Structures are given as structure tokens and as C-alpha cells.
Amino acid sequence: MKPKVHSSRATAVSFVGAAALVLSGCGSENDAGGAADGSVTLGFVNGANTHFHTCLLKSVEETAKADGAKVYSANSKQDAGTELSNIEDMISRSVDALIVQTVNVDALEGDIAKAKSAGIPIYLTSVATSDMSDVLGAAVVDLKKVGALDAGWIEKDAAGKNVNVGIVAGAPGAASDLLVGGFKDALPSNAEVVANQPGMFNPAKAQDVAENMIQAHPDLDYAFVANEEMAFAVRKAFDAAGADDVKIVSVNGTEEGVAAVKSGDLAATVANSAMEIGRTAVTNTIGLLDDNQDVDKIANIPLVLVTKDNVSEAPQYCPK
């Protein structure tokens, strides 16, 4: 498979500070970027260090290796400035394409412009932009639908009764805003959101938020938590406060999360497999680089609302 040639890539400049990044590669040992044998070289810019991001990286690396591609990776650690610096470093390595798990959708405009000016196509994971004309493609998780599925479970469980709902969001921007927005928009009129605070995708922070939330709202009925790592900490805080009857719905579908649904620690979770996102991103990026392959520009990642009734249907979340 011969990738498209990007004529302006040869003029890409080297950026100061690249040596400060900790990068990992698999495949060819040639750190210059494009491999001499014509295989595809990818740059993967990850957004954080949560379990989701770790599994996503593992899936990207394993799929790239299986497809004979080389991948460099860097982590933006939830900082938009670091994300742009990582992209600049990947450009200096003359990668054939960039795969980006953004920290904030607002940061994408600069990311896309930088990649476009270097003649390097950019593929997005989890989210897409409203204008995809300058983007190679995207493996999209409909995050609003994820939130809506959890809200739908609450609507069914509440069965018309007036209920109080708390939200432990992630970090402002990108995934968290979409998740929470979809959740709130889909809640029935009998469900009132009485608290909404960011847990920053940090279990310790989420536990503090939950402790304060249950003190301020001892009549809480449900909590929506923006990922399972935080949800476990929220469960711990609620249980310690004697609020073990508060039902928690969450997001991810990790092995631990599915087990928590089975045990009753979580009432429901929405599975969106990090393994599937990574596989799709690498496979479709390589396919879209090849004019001879018919690959959809936007791929929608399957979602599964996991409850006690269907835990066996949850997809594998992380590569083994």
C-alpha cells in the first residue's frame, strides 16, 4: 500500500523543544519519521493519562504494529498548549499522518491549521469538528448520545417520580462538556439536577466533590459521573456518608466498570470501547491515505448501555 504524497511536508520546519517530549515508537527503529521502506509512519497525540487514554494508546500501537506501520506517541496531559507542541514535534518528524485525541475541541482549530500548513493530514479520535473539510477523518464516539443513554436509564428507573440528580463532570472542554450536555438534555422533567461540579477525571478530586455533594444534598437519588475511575471514588464517598442507595451511572465500559454494574456498585454504564476506537483510527487512517481503498471518512463507534440485564454484551474495552 502506497500512501499519498504530501508535497509540502518536505518543507516542514523543525520545532524547538521537541527533545523535551517523551516519545515512544514501535515498528521501524528509524527516528527520522517516514520509513525508508515506504511503510506508513503515524504520529499519535494522546490527551491524558486516564485508563481510557492508556487503553487507546495500547490499541493504536498494537494495530499499527499489526498493519506494518510505525507510530510515535506523545501525551498532552490535558493541556491544549502541550497538545499543539506535540503536533509540531510530530510534524518535525515528517509523519505521514497525525492521529489526535484532543484535550479540548476549542484547541482543534489551531491543531488542524498547523497540520494543514505542513501538508500532513490529521485524523481525530472520539470527536469530529463541524467542518471536516481540512480533516482526513474521524473515529467518533457520539458523546451526547452516551450521556443521553445514561439519562434514559434514569428516566426508566425513576418511573415518573420526582428525583434529584448530581453530576460529577470531567475536565471542562471536549469530552466532558459533550457528555454532560447530552445527559442534561435527555433527562426527563421529573429529574432535577441539583449539583454539577468537575471531578477533572481525577478520582481523588471526584471523591472530594462527591463528599461535598452528598453533604449539601442528602436527598440525592442519582449521580452521573463522567468516567468509571471517578465513579468508583464517588461510590466510596457516598457509601461512607451512608448514601449507599444513591444510584450511579457512568461511562466507559471497562472491565472493572462492567464488574461494578454486575455487583450493583454502579447502576449502569455506557460502553464505548477504547480498543475499538484505536483500531478504527489506525486502520482507517492508513486506508484513507490510500486512494485505492474505499474507507468512510467518519466512523461511528458502537455504544452499549450496560446494565445488570446485559453485562455479557459489553464489548472488550482494552487490549489484553
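Keep in mind the model is a prediction, meaning the values are calculated, not measured.
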Surrounding [atom1] of [X] (heavy atoms of other residues, nucleotides or ligands, distance under 6.0 Å), is the total greater than 12?
{"X": "Asp296", "atom1": "CG", "value": "no"}
{"X": "Lys297", "atom1": "NZ", "value": "yes"}
{"X": "Asp294", "atom1": "CG", "value": "no"}

- Message: For a side-chain contact (heavy atoms from CB on, under 4.5 Å) check, start with the C-alpha distance between Asp157 and Val163, then their side-chain angles and the critical distance, and finish with the verdict.
- Response: CA-CA 10 Å; Asp157 190 69; Val163 294; over 6 Å; no
Please find the pair of heavy atoms, one from [X] and one from [Y], that lie closest to each other, and give the distance.
{"X": "Ala169", "Y": "Ala226", "answer": "C-CB, 3.8 Å"}
{"X": "Val251", "Y": "Thr269", "answer": "N-OG1, 3.3 Å"}
{"X": "Ile91", "Y": "Ala118", "answer": "CG2-CB, 3.5 Å"}
{"X": "Val261", "Y": "Ala267", "answer": "CG1-O, 4.2 Å"}

Donor-acceptor pair, side chain of [X] and main chain of [Y], under 3.5 angstrom:
{"X": "Lys58", "Y": "Lys320", "result": "yes"}
{"X": "Asn75", "Y": "Ala48", "result": "yes"}
{"X": "Asp221", "Y": "Asn164", "result": "yes"}
{"X": "Asn310", "Y": "Leu305", "result": "yes"}
{"X": "Ser59", "Y": "Arg279", "result": "yes"}
{"X": "Thr82", "Y": "Gln78", "result": "no"}
{"X": "Asp96", "Y": "Leu42", "result": "no"}
{"X": "Asp208", "Y": "Lys205", "result": "no"}
{"X": "Thr280", "Y": "Ile277", "result": "no"}
{"X": "Ser263", "Y": "Ala260", "result": "yes"}

- Any idea how Trp153 and Tyr222 line up, ring-wise: parallel (<30°), tilted (30 to 60°), or perpendicular (>60°)?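 The rings of Trp153 and Tyr222 stand perpendicular, inter-plane angle above 60°.
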Are [Y] and [X] connected in a single hydrophobic cluster, I mean Ile/Leu/Val/Met/Phe/Trp/Tyr linked by side-chain heavy atoms less than 4.5 Å apart?
{"X": "Val140", "Y": "Val282", "result": "yes"}
{"X": "Leu266", "Y": "Val311", "result": "yes"}
{"X": "Leu136", "Y": "Leu124", "result": "yes"}
{"X": "Leu84", "Y": "Leu98", "result": "no"}
{"X": "Ile154", "Y": "Ile214", "result": "no"}

- Query: Which residue, Leu179, Val194, Asn196, forms the side-chain contact (heavy atoms from CB on, under 4.5 Å) with Ile167?
  - Reply: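 Testing Ile167 for a side-chain contact (heavy atoms from CB on, under 4.5 Å) against Leu179, Val194, Asn196 leaves exactly one candidate, Asn196.
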Taking atom [atom1] of [X] and atom [atom2] of [Y], what is their separation to the nearest 0.5 Å?
{"X": "Ile286", "Y": "Asn284", "atom1": "CD1", "atom2": "CG", "value": "9.5 Å"}
{"X": "Ser92", "Y": "Ile87", "atom1": "OG", "atom2": "CD1", "value": "12.5 Å"}
{"X": "Asn252", "Y": "Cys55", "atom1": "CG", "atom2": "SG", "value": "9.0 Å"}
{"X": "Asp177", "Y": "Asn104", "atom1": "CG", "atom2": "CG", "value": "7.5 Å"}

Would you say the side chain of [Y] lies within less than 4.5 Å of the side chain of [X], judging by non-hydrogen atoms?
{"X": "His51", "Y": "Glu228", "result": "no"}
{"X": "Thr41", "Y": "Tyr72", "result": "yes"}
{"X": "Met90", "Y": "Val45", "result": "yes"}
{"X": "Glu83", "Y": "Val100", "result": "yes"}
{"X": "Pro172", "Y": "Met200", "result": "yes"}
{"X": "Ser250", "Y": "Phe232", "result": "no"}
{"X": "Phe224", "Y": "Leu187", "result": "no"}
{"X": "Cys318", "Y": "Glu255", "result": "yes"}

- Asp142 side chain to Asn300 side chain, donor-acceptor N/O pair below 3.5 angstrom: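 There is no such pair (donor and acceptor under 3.5 Å, judged by atom type) between the side chains of Asp142 and Asn300.
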- Under 3.5 Å, is there a donor-acceptor pair linking the side chains of Thr125 and Gln101?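 Yes, a side-chain donor-acceptor pair sits under 3.5 Å.
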- Partner residues of His53 under the side-chain hydrogen bond (donor to acceptor under 3.5 Å, both in side chains) criterion, sequence neighbours left out: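 His53 satisfies side-chain hydrogen bond (donor to acceptor under 3.5 Å, both in side chains) with Thr50 only.
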- Pairs touching residues 179-196 that satisfy salt bridge (Lys or Arg N to Asp or Glu O under 4.0 Å), sequence neighbours left out: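 Checked against salt bridge (Lys or Arg N to Asp or Glu O under 4.0 Å) - neighbours excluded - no pair reaches residues 179-196.
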- Query: Salt-bridged, Asp265 to Arg235, with N to O below 4.0 Å?
  - Reply: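 Salt bridge between Asp265 and Arg235, a charged N being under 4.0 Å from a carboxylate O: no.
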- Might you work through the side-chain contact (heavy atoms from CB on, under 4.5 Å) test for Tyr317 and Val258, ending with a clear yes or no? CA-CA 10 Å; Tyr317 185 80; Val258 172; over 6 Å; no
- Message: Before you tell me yes or no, could you show the steps for Val40 and Val95 under side-chain contact (heavy atoms from CB on, under 4.5 Å), namely the whole-Å CA-CA distance, both residues' side-chain angles and the distance that decides it to 0.1 Å?
- Response: CA-CA 8 Å; Val40 174; Val95 296; over 6 Å; no
